[in-house]
> 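Below is the structure I would like to discuss, written out as structure tokens.
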Amino acid sequence: MSPKKRARGSKSTEHSAKDDEGETVSSVKETVGRKRKAAASVEAGKKESTESSSPPQYCHWLMKSEPESRFENGIDMKFGIEDLKGLPNQTGCWDGVRNYQARNFMRQMKEGQLAFFYHSNCKEPGIAGIMTIVKEAYVDHTQFDKKDVHYDAKSKPDNPKWSMVDVQYQRMMNRYISLSELKKYHLQHRAKGGPLKDMALFTRARLSVQPLTSVEFDFVLSLEDQEAL
DNA sequence: GCCAACGTTGGC
DNA sequence: GCCAACGTTGGC
């Protein structure tokens, strides 16, 4: 099982040495863009952590993948939630992530945590269901596979650059939560305050693996049993 | 270490 | 298919 996630990131992205290692530094950086500095983690405003010196510890995630066929170098990138559900044990590895920020978030994931399966680059983008992290970050083998779309010639086995986690399908959302609906809440909350005002899906739109605070996660879950906005 | 050029993401 | 946003690269 080696689902082909779209896992956007630039495949040939190199990086600067500092981004490469220095996990903690990078994770701070990623929440804030170019500003690193201790203050950054506070600025990131993503709580859940209490310590001033350690980066915020998230425990909920949103991971994007494309549910519709799209060919890249002759390979179909399609991997929707139904595809995950169809794998043995409904479990697969989230390979192909080639973006440092997304990678670093995956490295922060802990076994048992929940992640929304988000359908991107399709007719109606949105949150389709929920999955569980069943294996914490380990080496993404596709970086060494020349035939893989996400092959990275610069990464060496003795010092792998990319990681992946294993995820297991948990359940579908009671109803599909579209991006457009989430956006309405986001705009509303941004104007008057509310749980989704800083949601990464909008503030860091292009990140394929992103964190959610407990408040954000719970709010999205609460939408399931309500009428679409 | 700045920043312009370039490439990718992904909604529309 | 367009293109804005933004991450990455590489010249200086």
Side-chain angles (χ1 to χ4, degrees), chain A residues 3-23 25-37 40 43-44 46 55 61-81 83 94-107 115-128 140 142-143 148-155 160-164 176-190 196-212 220 228-229:
Chain A
K4 297 302 185 215
K5 237 109 293 99
R6 207 291 180 63
R8 286 52 179 30
S10 16
K11 69 196 62 212
S12 48
T13 90
E14 222 359 67
H15 66 282
S16 32
K18 55 200 184 217
D19 282 327
D20 203 1
E21 307 311 345
E23 318 309 303
V25 172
S26 322
S27 54
V28 164
K29 175 189 183 190
E30 72 206 11
T31 32
V32 201
R34 35 207 65 74
K35 260 117 200 186
R36 24 184 77 221
K37 283 333 184 209
E43 212 286 298
K46 265 72 191 257
W61 314 93
L62 179 147
M63 302 168 87
K64 303 178 181 177
S65 188
E66 304 182 27
E68 295 172 6
S69 286
R70 188 181 60 81
F71 292 84
E72 197 171 305
N73 299 342
I75 296 168
D76 193 354
M77 294 294 109
K78 171 181 173 348
F79 188 77
I81 194 165
D83 296 301
W94 207 266
D95 59 20
V97 170
R98 296 292 181 271
N99 169 282
Y100 290 101
Q101 298 170 176
R103 177 202 70 176
N104 291 341
F105 278 131
M106 285 204 294
R107 289 182 176 180
F116 284 129
F117 193 123
Y118 178 88
H119 279 173
S120 67
N121 208 24
C122 56
K123 284 297 144 42
E124 186 170 40
I127 295 173
D140 177 345
T142 65
Q143 66 197 299
D148 196 280
V149 179
H150 303 288
Y151 171 64
D152 182 351
K154 309 251 183 66
S155 185
K161 290 166 55 178
W162 310 108
S163 304
M164 63 184 181
Y176 190 77
I177 309 294
S178 72
L179 173 66
S180 63
E181 177 174 358
L182 290 168
K183 191 171 209 164
K184 288 177 193 166
Y185 280 110
H186 168 64
L187 293 174
Q188 202 171 284
H189 294 180
R190 205 178 54 182
L196 302 193
K197 72 173 157 44
D198 296 319
M199 193 182 191
L201 190 56
F202 305 102
T203 60
R204 324 220 24 223
R206 297 172 34 189
L207 244 199
S208 66
V209 174
Q210 43 183 263
L212 279 86
V220 173
L229 185 67

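Numbered from 1 within each chain, the chains take letters A, B, ... in sequence-line order. Computation of the quantities below employed the complete heavy-atom set of this structure, encompassing side-chain atoms and omitting hydrogens, waters and symmetry-equivalent molecules.
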> Would you indicate what K123(A) reaches in the nucleic acid, counting non-hydrogen atoms under 4.0 angstrom: base, sugar-phosphate, or nothing?
nothing
> Could you state the CD-P distance from Q101(A) to dT8(B), rounded to the nearest angstrom?
17 Å
> Among dG11(B), dT8(C), dT8(B), which nucleotide sits nearest the side chain of N99(A)?
dT8(C)
> Using the ring of each side chain (for Trp, its six-membered ring), is W94(A) parallel, tilted or perpendicular to F117(A), with breaks at 30° and 60°?
perpendicular
> To the nearest Å, how far apart are M199(A) CE and dG11(B) C1'?
15 Å
> What is the separation between atom CZ on R103(A) and atom P on dG7(C), rounded to the nearest whole Å?
16 Å
> Between dG7(B) atom C1' and R98(A) atom CZ, what is the distance in whole Å?
17 Å
> Using only side-chain N and O atoms of Y118(A), determine if any of them is under 4.0 Å from OP1 or OP2 of dT9(B).
no
> Would you say K183(A) places a side-chain N or O within less than 4.0 Å of OP1 or OP2 belonging to dG10(B)?
no
> For the backbone of F79(A) and the side chain of S65(A), can you confirm whether one donor and one acceptor N or O come within less than 3.5 Å of each other?
yes
> Whole angstroms only, please: what is the CD-P distance between E72(A) and dT9(B)?
7 Å
> Which whole-number value in Å describes the distance from D152(A) CG to dG7(B) P?
17 Å
> Heavy atoms only, 4.0 Å cut-off, all strands: where does F202(A) land among base, sugar-phosphate and nothing?
nothing
> Do W61(A) and M106(A) make a side-chain contact, defined as non-hydrogen atoms from C-beta onward lying under 4.5 Å apart?
no
> If you look at every heavy atom in M199(A) and V220(A), which pair is closest and at what distance?
CE-CG2, 4.2 Å
> Separation of R206(A) atom CZ from dG11(B) atom C1', in whole Å?
12 Å
> May I have the distance from N121(A) (atom CG) to dC3(C) (atom P), rounded to whole angstrom?
17 Å
